[in-house]
Trainee: 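One structure follows; several queries about it will come next.
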2 protein chains.
Amino acid sequence: MKKQHTFKANGRIWIDGPDGAFLGYGRVELLEKIHELGSIRKAALAMKMSYRQAWEFVQQMNQVLKKPLVVANTGGKGGGQAVLTEEGLKAVEQFREFNGAFQEFLASYSKELTFKPSSK
Amino acid sequence: MKKQHTFKANGRIWIDGPDGAFLGYGRVELLEKIHELGSIRKAALAMKMSYRQAWEFVQQMNQVLKKPLVVANTGGKGGGQAVLTEEGLKAVEQFREFNGAFQEFLASYSKELTFKPSSK
DNA sequence: TACCGTTATTCAAAAAAAAGCATAATGAAA
DNA sequence: TTTCATTATGCTTTTTTTTGAATAACGGTA
């Protein structure tokens with residue numbers, strides 16, 4: 001019989017920049033969706049985030065690095081569009097690596113937990 | 001010249017039990033203060049948490065393990081008191097170890113970040 | 001030039017989370 | 001038996017966080 005872990009080590013990570021939050025799960029997912037859909041609005045809709053918040057995230061992220069992570073154009077065919085830059089792609093990749101290592105860390109630590117649950 | 005890291009890997013961890021959140025920073029600090037001060041109310045005051053929330057945390061934690069982490073007595077000299085059990089002490093210790101390893105993980109990952117800040 | 005859907009922005013509304021207040025119960029000690 | 005500060009609990013208020021509505025600007029394209 002395999003032991004089941006009713007207790008689990010859990011957590012969240014993010015990357016802070018010079019002025020606070022830079023990259024986290026929400027922002028990275030947003031970047032991925034923008035890359036996939038070519039639009040901030042569609043990306044926000046796809047992940048059930050308000051456009052308001054999505055737009056603010058993009059603004060904030062773009063101010064942190066020398067080069068923007070997202071370039072958005074207003075007007076034109078379709079009303080406008082947004083594309084992920086080289087820097088944006090790198091940022092996504094680095095965060096994913098970081099998170100991969102973190103998930104392994106959590107999994108290994110979960111095995112060391114020795115708490116005994118009340119009854120269920 | 002020493003390189004300064006304007007970007008930092010950051011995060012938070014916690015331990016989930018069978019029914020959700022079990023131990024996190026706030027709860028562990030609360031347990032430590034209870035151990036130190038012998039009172040839920042004083043512990044809450046010391047960390048500027050409302051007694052209401054502190055009390056609820058204790059209730060929740062006590063329902064998770066077979067044995068309670070905190071034993072609280074009402075009435076008597078001083079109106080009552082609360083003491084940390086063996087299980088409570090172990091829980092604090094395990095979380096602190098977990099967090100120690102996590103902080104090392106974050107520190108080592110921070111060194112690998114290669115983002116270039118905008119100007120400052 | 002008129003149209004289109006998105007970007008960009010403000011401001012009010014709603015939802016969620018936390019805090020604060022009030023009060024009963026408790027039981028050792030004086 | 002009176003006192004005392006705390007535990008225990010419900011309920012209201014406040015604060016914080018999110019969301020939603022409303023609107024101007026934009027510029028390729030037909």
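Every chain is numbered from 1 and lettered A, B, ... according to where its sequence line falls, protein lines coming before strand lines. Values reported hereafter were calculated over all heavy atoms of this structure, with side chains retained and with hydrogens, waters and symmetry mates removed.
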Trainee: Whole Å only: how far is the CD atom of A:E56 from the P atom of D:dG20?
Mentor: 14 Å

Trainee: Kindly indicate whether the side chain of A:S50 and the base of D:dT19 share any N or O donor-acceptor pair separated by less than 3.5 Å?
Mentor: no

Trainee: How many whole angstroms separate atom CD1 of B:I40 from atom C1' of D:dT6?
Mentor: 9 Å

Trainee: Side chain of B:Q53 only, please: which of C:dC11, C:dA19, C:dA8 is the nearest?
Mentor: C:dA19

Trainee: From D:dC11, C:dA8, D:dC26, pick the nucleotide closest to the side chain of B:R52?
Mentor: D:dC11

Trainee: How do A:Q59 and A:G76 order along DNA chain C: which one's closest nucleotide is nearer the 5' end?
Mentor: A:G76

Trainee: Reckon B:G79 touches a base, only the sugar-phosphate, or nothing at all at heavy-atom distances under 4.0 Å?
Mentor: base

Trainee: Between B:L37 and B:W55, is there a shared hydrophobic cluster once you connect ILVMFWY residues whose side-chain heavy atoms come closer than 4.5 Å?
Mentor: no

Trainee: With a 4.5 Å cut-off on side-chain heavy atoms, are B:V58 and B:L30 touching?
Mentor: yes

Trainee: Of the options B:W14, B:F57, B:F95, which is the one that meets B:Y25 in a ring-ring contact (aromatic ring centres under 6.0 Å, His included)?
Mentor: B:F95

Trainee: How long is the straight-line distance from OH of B:Y109 back to CG of A:N99, given to the nearest 0.5 Å?
Mentor: 9.5 Å

Trainee: Expressed in angstrom and rounded to an integer, what is the separation of A:L37 atom CG from C:dT6 atom C1'?
Mentor: 14 Å

Trainee: Do the side chain of B:S118 and the main chain of A:L65 share a donor and acceptor less than 3.5 angstrom apart?
Mentor: no

Trainee: Can you tell me the distance, in whole Å, between the CZ atom of B:R41 and the P atom of C:dT23?
Mentor: 15 Å

Trainee: Does B:W55 put a side-chain nitrogen or oxygen below 4.0 Å from OP1 or OP2 of D:dA8?
Mentor: yes

Trainee: Between atom CD in B:Q81 and atom P in D:dC4, what is the gap in whole Å?
Mentor: 19 Å

Trainee: Of A:G38 and B:K77, whose nearest nucleotide on DNA chain C comes first from the 5' end?
Mentor: A:G38

Trainee: For D:dT7, does either OP1 or OP2 sit under 4.0 Å from a side-chain N or O belonging to B:S39?
Mentor: yes

Trainee: Give the rounded distance in Å between these two atoms: NZ of B:K48 and C1' of C:dA18.
Mentor: 16 Å

Trainee: Measure OH/B:Y51 against C1'/C:dT23 and give the value in whole Å, please.
Mentor: 13 Å

Trainee: Could you tell me the separation between the CE atom of B:M49 and the P atom of C:dA18, rounded to a whole number of Å?
Mentor: 10 Å

Trainee: Looking at B:K42, does any N or O in its side chain come under 4.0 Å of the phosphate oxygens OP1/OP2 on D:dT6?
Mentor: yes

